[in-house]
Amino acid sequence: MALIVQKFGGTSVGSVKRIAQVADKIKKFQDAGNHLVVVLSAMSGETNRLLNLAKAISGDEQPLPRELDVILSTGEQVTIALLAIALNKRSVPAVSYTGSQVSILTDSAYTKARILRIDDRKIRTDLQAGRVVVVAGFQGMDEQGNITTLGRGGSDTTGVALAAALKADECQIYTDVDGVYTTDPRVVSAAQRMDKITFEEMLEMASLGSKVLQIRAVEFAGKYSVPLRVLHSFKEGPGTLITIDEEESMEQPIISGIAFNRDEAKLTIRGVPDTPGVAFKILGPISGANIEVDMIVQNVSHDNTTDFTFTIHRNEYDAAELILQNTASKISAREVIGDIKIAKVSIVGVGMRSHAGVASRMFEVLAKEGINIQMISTSEIKVSVVIEEKYLELAVRTLHTAFKQDAPVQQCE
Ligand code: ADP
Ligand code: ASP
Ligand code: MG
């Protein structure tokens, strides 16, 4: 008898009709003799609606993070109860729980809390009694009993964390696409579903903008070796398995996928006196405000001054700019300039480790389209570039054609 954790995303539970379809699907798994824990998102659009309510009442101020989590966590409470009702109606014994009811203990970082521990006793008792356990995704509780949420897309992480705690045979992430594609199939219609992708590649894809899986879910699955599969909620198919092994096959592509992210913004502080500790003086206050910095570039200095550029999430642009203006006056920098109309495109693949010339091929492809590269960063298995946002789709499409459709990668060697 297998123990499976199944997570259904927002569009899969976006209406009463869809929830009924999910219930039918779960009944089949239950009838086949599996133990099931089901994690749900809120109905699609609901988390945004709740967020907008909180913003509307806050006016110019940021909503209080603690209260934001209280409201944001309600979306999932609705879907879990509806599914439990639908299952019981189908004579499938089922019980729904919020994150705090099953003791998903997190830290207190409201809106982006991390799961610390899960007390699985209650779930195990229900499973033993033959019940399907339906758990609200995206939420937990801190040591003081405050409600917390896990960051956008966080239901994936709830699913994987429960699968890890229960040592489930598989964690299945059901969504509105039938697997992980070489790039977002909504942007490139020629994108191809992959049968398998390594954790390492999936981690890069997720962190570089492929929101099909939340990055923390992939981290968790890798750390605790949770077998993880992405599947379509309502279409049959094998989906995509996230695997540990890198196959040593001749067929293995050098680039597995192309990821992109529109949510970036860039800040530059110019004419900075180039003295030891200057990077810390600039970025210390930014990280002190809990703002995550992504790419960083410091220019070669001229006349003992330099320019320093970094990227951040677009939502945090205003806060970061204010801090940087403050720093600029303290360290006598010339000026601060910023740009919120940028985007990041990345090519990802473990095959890059053993092949040279992949980055220059990427730059060549973009140059042929007249797309200017503003920043570059590389790691062992990825190359990322920052470009003007208006060229994003063109860049993704042409890179996909070059690396995945025409597959001219052999020329890189
Ligand atoms: P859910 O609500 O089920 O969690 P999400 O919207 O979070 O669904 O994630 C699924 C979406 O991820 C797809 O509709 C697709 O547009 C997007 N996506 C981005 N990159 C990829 C990719 N490489 N493969 C598959 N889907 C991707
Ligand atoms: N409902 C939350 C969100 O929209 C969590 C999730 O769907 O995974 O981000
Ligand atoms: Mg999601």
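Values below: every heavy atom of this structure, side chains too, minus hydrogens, waters and symmetry copies.
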Throw together a table of side-chain donor-acceptor distances under 3.5 angstrom for residues 382-389, partners on residues two or more places apart or in other chains.
| from | atom 1 | to | atom 2 | distance (Å) |
| --- | --- | --- | --- | --- |
| Ser384 | OG | Ser346 | OG | 2.8 |
| Glu389 | OE1 | Arg314 | NH2 | 3.4 |

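- Shown here are the ring-ring contact (aromatic ring centres under 6.0 Å, His included) partners of Phe310, two or more places apart in sequence or in another chain: there are none.
- For Phe8, the ring-ring contact (aromatic ring centres under 6.0 Å, His included) criterion is met by Tyr174, not counting sequence neighbours.
- For Ile19, the side chain to side chain contact (heavy atoms under 4.5 Å, CB included) partners at least two apart in sequence or on another chain are Val13, Met43, Thr79, Leu82, Leu83.
- Phe234 pairs by the ring-ring contact (aromatic ring centres under 6.0 Å, His included) definition with nothing, not counting sequence neighbours.
- Judged purely by distance below 3.5 Å, without hydrogens or angles, the side chains of Asn372 and Tyr391 never pair a donor atom with an acceptor atom.
- A donor-acceptor pair shorter than 3.5 Å can be found between the side chains of Thr106 and Thr148.
- For Ser108, the side chain to side chain contact (heavy atoms under 4.5 Å, CB included) partners two or more places apart in sequence, or in a different chain, are Asp142, Gln144.
- Looking at heavy atoms from C-beta onward, Ile269 lies out of side-chain contact with Asp307 at the 4.5 angstrom threshold.
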Would you give me the side-chain donor-acceptor pairs under 3.5 Å for residues 324-335, sequence neighbours excluded?
| from | atom 1 | to | atom 2 | distance (Å) |
| --- | --- | --- | --- | --- |
| Gln325 | NE2 | Glu321 | OE2 | 3.4 |
| Thr327 | OG1 | Ile323 | O | 3.0 |
| Ser329 | OG | Asn326 | O | 3.0 |
| Glu335 | OE2 | Arg270 | NH1 | 3.1 |

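- Counting only residues at least two apart or in different chains, side-chain hydrogen bond (donor to acceptor under 3.5 Å, both in side chains) contacts with residues 205-228 comprise Thr157-Gln214.
- Evaluation of the side-chain hydrogen bond (donor to acceptor under 3.5 Å, both in side chains) test over residues 178-192, restricted to residues two or more places apart or in two chains, returns Asp176-Arg186, Asp178-Tyr181, Thr182-His400.
- Side-chain contact check for Ser103 and Asp119: no donor-acceptor pair (N or O, by modelled atom type) lies under 3.5 Å.
- Around CD of Glu292, the count of heavy atoms belonging to other residues, nucleotides or ligands within 6.0 Å does not exceed 12.
- Note on residues 38-48: pairs passing side-chain hydrogen bond (donor to acceptor under 3.5 Å, both in side chains), not counting sequence neighbours, are Ser41-Ser155, Glu46-Arg49, Asn48-Arg152.
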Extract all donor-acceptor atom pairs below 3.5 Å that involve side chains of residues 54-61 and protein atoms in other chains or at least two apart in sequence.
| from | atom 1 | to | atom 2 | distance (Å) |
| --- | --- | --- | --- | --- |
| Ser58 | OG | Ala54 | O | 2.6 |

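- Here side-chain hydrogen bond (donor to acceptor under 3.5 Å, both in side chains) pairs that include residues 258-268, with residues two or more places apart or in two chains, are Asn261-Glu264, Arg262-Glu393, Glu264-Thr311, Glu264-Lys344, Lys266-Gln374, Thr268-Thr309.
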